[in-house]
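Nothing here was measured: the structure is a model prediction, and the numbers come from that model.
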Amino acid sequence: MDIPGADDETLMQAYGAGNMAAFDTLYARHRAGLYRYILRSTRNPQQADDIFQETWSRVIHARSRWEPRARFTTWLLQIAHNLLIDAHRRQPAHASPQETETALAALAVAEHEQPEQQLSDFQMRRRLQLAIEQLPDEQRHAILLRLEHDLSLDEIANVTGAPRETVKSRLRYATQHIRKALSP
């Protein structure tokens with residue numbers, strides 16, 4: 001099997017059968033997007049690290065019994081989402097938007113741009129991030145799943161456990177809030 005070209009579901013099945021290279025490929029494909037989703041959802045870099053590790057730990061433990069009932073990405077994000085909800089229940093205090101922005105700025109790497117363009121892009125990203133930070137948790141999770149992972153309404157509903165129409169409303173309200181926050 002050509003592992004780098006295989007789809008995620010095939011890779012997970014191969015990993016369940018003992019192919020460690022399949023896990024390496026899955027991890028390489030999804031680590032950045034998963035971590036970004038968790039960090040932007042929890043707004044706490046230390047907590048994000050813990051949830052990120054626990055998510056992959058659960059993937060590892062479930063490898064032999066995993067069945068492709070949904071896309072691998074949906075399943076992976078559902079694990080992370082459930083861990084985020086548990087973390088929110090245990091610790092209601094969140095990091096400030098400034099702390100989150102500092103952590104995200106440390107992860108962002110701008111290449112081959114003029115300093116003025118970098119500053120303008122940074123300011124727009126910062127405004128967008130602050131607008132997302134101000135959203136209620138449910139709206140923030142939904143919009144991050146849509147923007148970061150390009151999930152459909154049904155997939156977001158599957159990840160969050162909310163009805164499709166509820167997800168649609170959350171996305172609509174989140175989009176309205178972000179547009180208002182970004183308008184001049």
Side-chain angles (χ1 to χ4, degrees), residues 1-91 100 103-104 106-109 111 129 132 135 137-172 174-175:
M1 170 172 64
D2 177 27
I3 292 175
D7 66 25
D8 294 338
E9 292 71 30
T10 302
L11 289 169
M12 189 61 188
Q13 288 176 324
Y15 176 53
N19 185 333
M20 295 300 156
F23 176 79
D24 293 341
T25 302
L26 282 170
Y27 183 79
R29 282 183 188 175
H30 298 286
R31 70 176 179 227
L34 176 65
Y35 186 77
R36 199 169 37 251
Y37 168 67
I38 294 169
L39 178 62
R40 293 179 80 183
S41 294
T42 187
R43 301 177 287 194
N44 179 326
Q46 292 173 338
Q47 190 176 40
D49 290 345
D50 292 342
I51 293 171
F52 179 79
Q53 292 300 326
E54 181 61 23
T55 301
W56 286 110
S57 176
R58 291 190 182 193
V59 169
I60 290 166
H61 291 305
R63 71 181 175 265
S64 62
R65 63 184 183 278
W66 183 81
E67 294 179 21
R69 293 186 185 126
R71 285 182 21 198
F72 173 79
T73 305
T74 303
W75 178 69
L76 179 68
L77 292 169
Q78 185 174 35
I79 293 170
H81 179 77
N82 290 338
L83 291 169
L84 284 163
I85 288 173
D86 291 344
H88 285 299
R89 288 179 182 151
R90 284 191 308 270
Q91 187 178 14
T100 302
L104 289 173
L107 295 174
V109 178
E111 296 180 11
Q129 178 60 31
I132 291 172
L135 294 172
D137 287 343
E138 296 85 6
Q139 290 177 22
R140 188 177 63 254
H141 289 293
I143 200 76
L144 289 173
L145 289 168
R146 181 64 152 206
L147 295 175
E148 296 279 333
H149 299 282
D150 198 30
L151 295 186
S152 69
L153 290 175
D154 291 330
E155 290 169 327
I156 295 171
N158 190 8
V159 168
T160 62
R164 184 180 192 279
E165 290 303 313
T166 300
V167 170
K168 192 174 179 180
S169 294
R170 289 175 181 169
L171 288 172
R172 184 178 65 247
T175 302

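Taking all atoms of both residues into account, the shortest heavy-atom contact from Q78 to N158 is NE2-O, 2.9 Å. Of all heavy-atom pairs spanning S152 and R146, the tightest one is CA-NH1, 3.6 Å. Residues L171 and L153 come closest through the heavy atom pair CD1-CD2, 3.3 Å. When every heavy atom of L11 is checked against every heavy atom of A6, the shortest pair comes out as CD1-O, 3.7 Å. Scanning all heavy atoms of the two residues, the minimum distance from A162 to A157 falls at O-CB, 3.1 Å. Across all non-hydrogen atoms, the minimal contact from H149 to L34 is CE1-N, 3.9 Å.
For the side chain to side chain contact (heavy atoms under 4.5 Å, CB included) with M12, the qualifying choice from D7, L26, N19 is L26, the only one to do so. Partner Y37 forms a side chain to side chain contact (heavy atoms under 4.5 Å, CB included) with one of L147, T42, L145 and no other, that one being L145.
Between N82 atom CG and L77 atom CG the span is 11.0 Å, to the nearest 0.5 Å. Interatomic distance, CZ of R172 versus NZ of K168, reported as 8.0 Å (0.5 Å rounding). To the nearest 0.5 angstrom, H81 atom NE2 is 10.0 Å from D86 atom CG. Taken to the nearest 0.5 Å, the OG1 atom of T55 stands 12.0 Å off from the OH atom of Y35. D50 contributes atom CG, which lies 10.5 Å from atom CG of L83 (distance to the nearest 0.5 angstrom). For the atom pair N44 CG and I38 CD1, the distance stands at 12.5 Å (nearest 0.5 Å).
The closest donor-acceptor contact from the side chain of R140 to the backbone of S41 lies under 3.5 Å. Between the T160 side chain and the I156 main chain, a donor and an acceptor come within less than 3.5 Å of each other. In terms of modelled atom types and a separation under 3.5 Å, the side chain of R63 and the main chain of I60 share a donor-acceptor contact. Between the side chain of E138 and the main chain of R170, no donor-acceptor pair closer than 3.5 Å is present.
Classified by interplanar angle (parallel below 30°, tilted 30° to 60°, perpendicular above 60°), the ring pair W66/F72 is perpendicular. Note: Y15 and F23 have tilted aromatic rings, judged against thresholds of 30 and 60 degrees for the angle between ring planes.
When side chains are defined from C-beta on, H141 does not count as touching I85, because their heavy atoms never get closer than 4.5 Å. By the 4.5 Å heavy-atom criterion applied to side chains, L39 and F52 are not counted as neighbours. With contacts defined as side-chain heavy-atom distances shorter than 4.5 Å, the pair W75/E9 does not qualify.
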